[in-house]
Amino acid sequence: MTDSNPESPDARTPSNFLRDQIAEDVRTKKYGDAVVQTRFPPEPNGYLHIGHAKAICINFGLADEFGGKTNLRFDDTNPEKEETEYVESIKQDVRWLGFEWDRLCYASDYFGRLYEWALELVKAGKAYVDDLTADEIRRHRGTLTEPGTDSPYRTRTVEENLDLFMRMKQGEFPDGSRVLRAKIDMASPNLNMRDPVMYRILHATHHRTGGEWCIYPMYDYAHGQSDSIERVTHSMCTLEFADHQPLYKWYIAQLGIFPSEQIEFDRLNLTYTLLSKRKLLQLVQEKRVNGWDDPRMPTLSGLRRRGFTPEAIRAFCAQIGASRTNGTTDVEMLEHFQRDDLNRRASRAMAVLHPLKVVIDNYPAGQEEFVDVANNPEDPSAGTRQVPFSRELFIEHDDFREVPPPKYYRLSPGKEVRLRNAYFVTAKSVVKDAEGNVVEVHCTYDPASRGGNSPDGRKVKSTMHWVSAAHAIPAEIRLYDKLFTKADPYDLEEGQDVLSNLNPNSIEILTGAKLEPSLANAKLEGRFQFERVGYFCLDPDSAPGKLVFNRTLALKDTWAKIEKKAGA
RNA sequence: UGGGCGAUCGUUCAAUGGCAGGACAAUGCCCUUUGGAGGCAUUUGUCCAGGUUCGAAUCCUGGUCGCCCAGCCA
């Protein structure tokens with residue numbers, strides 16, 4: 001069921017500026033005969049989300065197109081936020097998406113080399129130890145419109161800097177007491193160039209190096225050099241790092257090392273979706289969702305549990321491409337690619353979410369028979385199965401109206417409809433409860449219409465799904481809706497937090513659903529279309545005798561649209 | 001009010017000085033044993049003002065609007 005080819009068969013790959021740039025560099029042999037080398041550099045401080053999927057597809061996909069290689073590199077320079085749990089989940093998610101890295105790397109692998117290089121810069125008079133507090137450094141940095149001012153420690157001698165920096169490493173000083181800074185230009189219009197901090201003192205346990213280090217490199221000092229060490233030719237990152245490029249280049253130039261180059265592209269934004277790791281972490285910590293893999297989360301683990309497939313996500317990423325414009329992609333685009341994928345491969349089954357009992361008055365009591373049903377009309381090779389039919393059935397409550405509105409084609413008194421793959425039935429009478437609700441519909445069936453066609457050529461306007469009451473198996477069904485009520489979750493009233501736009505009805509749990517018996521054998525990896533209802537998959541919460549299904553997506557619903565329009 | 005980046009159908013991505021096109025969405029019709037899927041058709045766009053050119057979405061100038069940057073986060 002899984003496809004190792006990143007490109008789905010008919011996915012187009014429109015040209016984009018990243019591909020063009022790489023093609024150009026290969027053509028002009030910018031890096032000689034070196035292969036195209038990319039990297040996907042997540043910080044292990046949270047779970048990967050759909051936005052990362054775009055970055056993964058770009059980095060792995062493009063390298064692959066040019067016969068190059070991609071490293072998975074953990075950008076683990078901040079021990080206070082990073083955990084092994086995240087490392088493991090990230091590896092799992094990258095593989096699940098369908099990609100295999102060339103080398104598994106960690107920025108922390110380079111701590112020794114980074115330190116040596118820092119020593120080199122100190123000796124060259126290009127870095128200095130600053131005793132200013134964080135607050136003082138901030139004040140000296142100046143503002144967007146005013147230049148910064150030199151730290152009084154900027155003119156320390158090389159010897160003193162060397163001594164202090166080595167002692168920082170030895171652990172002689174407390175957290176925050178000193179930093180190592182690059183000596184560049186406090187008047188630069190680019191704030192990143194105003195003597196950026198290279199190292200800070202952090203007496204923290206690192207998820208990989210443990211207590212070995214008490215000074216840690218900053219992102220800017222670590223990232224480019226890590227790229228360079230790995231001989232990354234195209235270091236693709238998101239737009240907000242564009243301002244860092246001069247610094248990225250500066251370190252590499254001062255050190256005279258392999259000239260990796262950074263190229264920025266736009267971050268993915270989706271309507272009705274939050275894609276900030278920090279905010280996602282908050283949802284998890286405050287238990288607004290049930291963990292990182294809650295099916296409502298835009299994380300890859302959440303999408304996976306929800307029933308999304310790597311193929312669909314890759315096709316989506318291929319379609320949205322990459323550019324340098326900030327925009328927001330309609331989440332419907334993602335949903336489209338998921339429906340498209342599932343429509344082709346999901347096994348069909350019949351399941352009634354809100355059961356309404358139907359009795360076929362002229363069908364012999366105690367009799368049962370099996371009808372032949374296609375497992376997937378889109379794919380004849382999927383074969384057929386036998387589904388039990390009997391006198392008492394369940395149909396969807398919505399599929400019967402005692403007083404049908406205009407254009408309602410389904411069952412109503414006197415109307416004949418088709419029970420899918422079974423028989424034509426005509427509603428004759430109803431049974432109501434004390435409140436006047438319809439609780440049972442009595443029908444007659446036409447024995448000659450077995451299989452779903454009448455020999456006399458009679459047509460019906462509607463086909464409905466059903467399950468045999470005696471054979472049905474119960475299940476819990478979890479329906480999901482958007483996590484946020486607004487297309488832009490950041491569309492807020494004064495003083496409000498994004499979480500105030502959380503959709504209170506993003507999950508609905510149905511406990512009375514009735515499924516056709518074949519679903520008892522559903523596997524966790526299975527993908528199903530409950531006909532006329534939507535796409536579903538088994539949730540890991542399922543236990544023997546207790547099935548739990550997640551709705552991945554509903555089927556497109558023309559009738560709902562008609563009804564909505566009529567109501568509006 | 002400094003610097004960087006950007007602006008093409010409602011959304012997203014193409015068109016790389018030569019007929020503005022695809023996908024999503026929307027609308028209508030056809031088809032249908034899923035009101036699903038599929039097919040056909042339709043609607044809507046080059047931010048503004050100048051300039052260069054036989055010819056400009058593309059190049060130039062000036063505006064306008066949007067995003068990013070003042071962590072010892074990444």
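From a predicted model like this one, the values you see are computed outputs, not experimental measurements. Chain identifiers are assigned alphabetically (A, B, ...) following the order of the sequence lines, protein sequences preceding nucleic acid strands; residue numbering begins at 1 within each chain.
Among the nucleotides B/A70, B/A74, B/U34, the one closest to the side chain of A/L191 is B/A70. In the set B/A14, B/C73, B/U12, the nucleotide with an atom closest to the side chain of A/E43 is B/C73. Of all nucleotides listed (B/G36, B/A70, B/U27), B/U27 comes nearest to the side chain of A/K561. When each of B/C73, B/G2, B/A37 is scored by its nearest atom to the side-chain atoms of A/N78, the top-ranked nucleotide is B/C73. Side-chain proximity of A/T463 to the nucleotides B/U34, B/A70, B/G2 is greatest for B/U34. Listed nucleotides B/A25, B/A70, B/G22 differ in distance to A/Q319; the shortest reach to its side chain belongs to B/G22. Closest to the side chain of A/Y408, out of B/G35, B/G3, B/G6, is B/G35. Relative to the side chain of A/K407, the nucleotides B/G4, B/G35, B/C73 differ in distance, and B/G35 lies closest. Nearest to the side-chain atoms of A/T558 among the listed nucleotides B/G2, B/U12, B/G35 stands B/G35.
Nucleotide B/G50 forms a pair with B/C60, judged by Watson-Crick or G-U wobble geometry with both contacts under 3.5 Å. Taking a pair to require two hydrogen-bonding distances under 3.5 Å in either a Watson-Crick or a G-U wobble arrangement, B/C29 pairs with B/G39.
Below the 3.5 angstrom threshold, one finds no donor paired with an acceptor across the side chain of A/R532 and the base of B/G35. For A/E378 against B/G36, a side-chain N or O and a base N or O form a donor-acceptor pair under 3.5 Å. Checked by distance alone, A/E146 brings no side-chain donor or acceptor within 3.5 Å of a matching partner on the base of B/G2. The base of B/G3 sits with one of its N or O atoms less than 3.5 Å from a complementary donor or acceptor on the side chain of A/D243. With hydrogens and angles ignored, a donor-acceptor pair closer than 3.5 Å exists between the side chain of A/Q529 and the base of B/U34.
We find that CZ of A/R141 is positioned 8 Å from P of B/A70, with the value rounded to whole Å. A/E264 has its CD atom 14 Å from the C1' atom of B/G3, to the nearest Å. Atom pair A/E80:CD and B/C72:P shows a separation of 13 Å (rounding to whole Å applied). Rounded to whole Å, atom P of B/G71 lies 17 Å from atom CG of A/L202. Atom CG of A/D20 and atom P of B/U58 are 19 Å apart (whole Å). For the pair A/Y535 OH and B/G36 C1', the computed distance is 7 Å after rounding to whole Å.
Nucleic acid contact for A/N421: base, since at least one base atom lies under 4.0 Å from a heavy atom of the residue.
B/G36 shows a glycosidic angle more than 90° from 0 and is accordingly assigned anti.
Residue pairs meeting the salt bridge (Lys or Arg N to Asp or Glu O under 4.0 Å) criterion with at least one member in residues 74-87 of chain A: none, sequence neighbours excluded. Sorted by first then second residue, the salt bridge (Lys or Arg N to Asp or Glu O under 4.0 Å) pairs that include residues 266-279 of chain A, not counting sequence neighbours, are A/K54-A/D266, A/E240-A/R267, A/K279-A/D497.
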Test side chain to side chain donor-acceptor pair (under 3.5 Å) applied to A/N190 and A/S188, step by step: CA-CA 5 Å; A/N190 181 344; A/S188 172; 5.5 Å; no
